[in-house]
Amino acid sequence: MTVAASELLDYDDVIARYEPVLGLEVHVELSTATKMFCGCANRFGAEPNTQVCPVCLGLPGSLPVLNQQAVESAIRIGLALNCEIVPWCRFARKNYFYPDMPKNYQISQYDEPIAINGHLDVPLDDGSTWRVDIERAHMEEDTGKLTHIGSDTGRIEGATTSLIDYNRSGVPLIEIVTKPIEGAGARAPEIARAYVTALRDLLRGLGVSDVRMDQGSMRCDSNVSLKPIGQAEFGTRTETKNVNSLKSVEVAVRYEMRRQAAVLESGGRVIQETRHFHEDGYTSPGRSKETAQDYRYFPEPDLEPVAPDAELVERLRKTIPELPWVTRKRIQEEWGVSDEVMRDLVNIGALDLIAATVEQGASSEAARAWWGNFLVQKANEDGVAVSDLPITPAQVAAVVKLVDDGKLSNKLAREVVEGVLAGEGEPEQVMADRGLEVVRDDSALQAAVDEALAANPDVVEKIRGGKVQAAGAIVGAVMKATKGQADAARVRELVLAACS
């Protein structure tokens, strides 16, 4: 049932009377070149139903072939989550009918997943950590995508037409399932958000997914139940499906805690069901929640079991990088920036790009200035992530060097970067082709200075009268005449020498 906002129980009263229990299921689309069981391209944003074949359309007689890279990515995810990688596992058929599942079953893993019994120590905002125990990480395929036309909410209720895009059908998925999270109390919504944030950062650091929640490549299902303080038995849970932002994870958990508490306090009964999250901060009923028996799982007969050998697992273990938050703390200390600055760089997705630019020889200050200001502005104008801009850390570092060497002013450097973004070549080539290199030749500069002095005799008198700051007007005139290519510092020296 949906509870009106005015009827929700006050959050402090919820915590005083009930203990929340959470369970978080995160689905992650892998960034493999092809789909899980066929050779179709795994690429977001293609024209609908252009990346399909008999296998991912479930046509009779087609047989799946397992994607090796997806298996290795699953193992790396399991290792990063401190899981046990099992020596033998297999796929199962999860049977249900839904229009976006063309086979009427999903190839998944049920009672024999590839990774089990892990944990993730999640950093919280106050500097403490919270250990979230991981039940399992298993492999499966994604479904297609339904688009409902004619409803105000974009959901099926009230829609006049539903369109199906099977491009996503068969995309490799890893589902990461936590064990029940108990004892969080008032911090339960915060811990849910922090866990999904940490998981996103970890997966991005592994390079296995772009974890774009806005594009659906990372989605969270949040399970919430309440039990009276002192009661051992869990309450009835609800599952809020496909929450697609970090903030929304926190909001959805908090809302469900307040809603369920209001239901219980009124003498009602919480119904086990899936729920939809609405971006204005509430959930609504979906469908009654199925159990494993409802899906009639049985082993997938068309795929052999997966048996990763110990040598492969140890080789992949060596590829696991430093935890992202440990890296951030080290970088923050090296760069000497505040928590707020570091958080902003992470939020705009620029931290790794800045670090890579520093590795190419740029100072951290210059790298932060380019990626955190000019380039993120360009990304926003184009409606893309800053990491999707057609410029590399090496190219940005090359621009920084041209500025440091005095070949470019900051203004001219921005023109060079725009040229690189436009596909005109490497920074030095753009500088040469556009004729942007700073003019430092004294003979050329002196001519421009003499012309500016002759045109501004009143300014000359001020300078000769001791008002040295008036030289800025002449410098500005020269810079305008040379289209910003003059060396401003040298121009100033020539102006003062001419007026002495």
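It should be emphasised that the depicted structure is a prediction, and the values quoted were computed from it without experimental measurement.
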Exercise. Without swapping roles, check the side chain of Asn167 against the backbone of Gln51 for a donor-acceptor pair under 3.5 Å.
Key: yes

Quiz item: More than 12 heavy atoms of other residues, nucleotides or ligands under 6.0 Å from NZ of Lys401: is that the case?
Solution: no

Self-check item: Greater than 12 external heavy atoms within 6.0 Å of Glu47's CD
Solution: no

Quiz prompt | Salt bridge flag under 4.0 Å for residues Arg204 and Asp352 | solution = no

Quiz item: Between CE of Met213 and SG of Cys220, what distance do you get to the nearest 0.5 Å?
Solution: 6.5 Å

Quiz item: Do you know which two heavy atoms are closest between Ala70 and Met36, and how far apart they sit?
Solution: CB-SD, 3.5 Å

Quiz item: Does Glu29 come within less than 4.0 Å of Arg212, counting only side-chain N to carboxylate O?
Solution: no

Exercise. In plain terms, say whether Arg330 and Glu322 are close enough for a salt bridge, that is, a side-chain N and a carboxylate O under 4.0 Å apart.
Key: yes

Practice problem: Quick one: pull up CG in Asp339 and CG in Asp344 and give me the separation to the nearest 0.5 Å. | Solution: 11.0 Å

Quiz item: Between CG of Leu375 and CG of Leu421, what distance do you get to the nearest 0.5 Å?
Solution: 6.5 Å

Practice problem: Determine yes or no for a side-chain-to-main-chain donor-acceptor pair under 3.5 angstrom, with Thr236 supplying the side chain and Gln272 the backbone. | Solution: no

Self-check item: Neighbour count >12 (heavy atoms, 6.0 Å) for atom CD, Glu340
Solution: yes

Quiz item: Using the ring of each side chain (for Trp, its six-membered ring), is Phe374 parallel, tilted or perpendicular to Trp370, with breaks at 30° and 60°?
Solution: perpendicular

Quiz prompt | Within 6.0 angstrom of Glu190 CD, more than 12 heavy atoms from elsewhere | solution = yes

Exercise. For the pair Arg193 and Asp125, find out whether any cationic side-chain nitrogen is under 4.0 Å from an anionic carboxylate oxygen.
Key: yes

Quiz prompt | Tyr11 side chain vs Ala186 backbone, donor-acceptor pair below 3.5 Å | solution = yes

Quiz item: Between Lys247 and Glu250, does at least one N-O distance fall below 4.0 Å, as a salt bridge requires?
Solution: no

Quiz item: Is NZ or CZ of Arg259 both nearer than 6.0 Å to the six-membered ring centre of Tyr282 and within 45° of the ring axis?
Solution: no

Exercise. Give a yes or no on this: more than 12 heavy atoms of other residues, nucleotides or ligands lie within 6.0 Å of atom NZ of Lys145.
Key: no

Practice problem: Start with the C-alpha gap between Lys94 and Glu140, add the side-chain angles, then the distance that decides, and say whether salt bridge (charged side-chain N to carboxylate O under 4.0 Å, His left out) holds. | Solution: CA-CA 10 Å; Lys94 181 180 182 180; Glu140 60 186 22; 5.6 Å; no

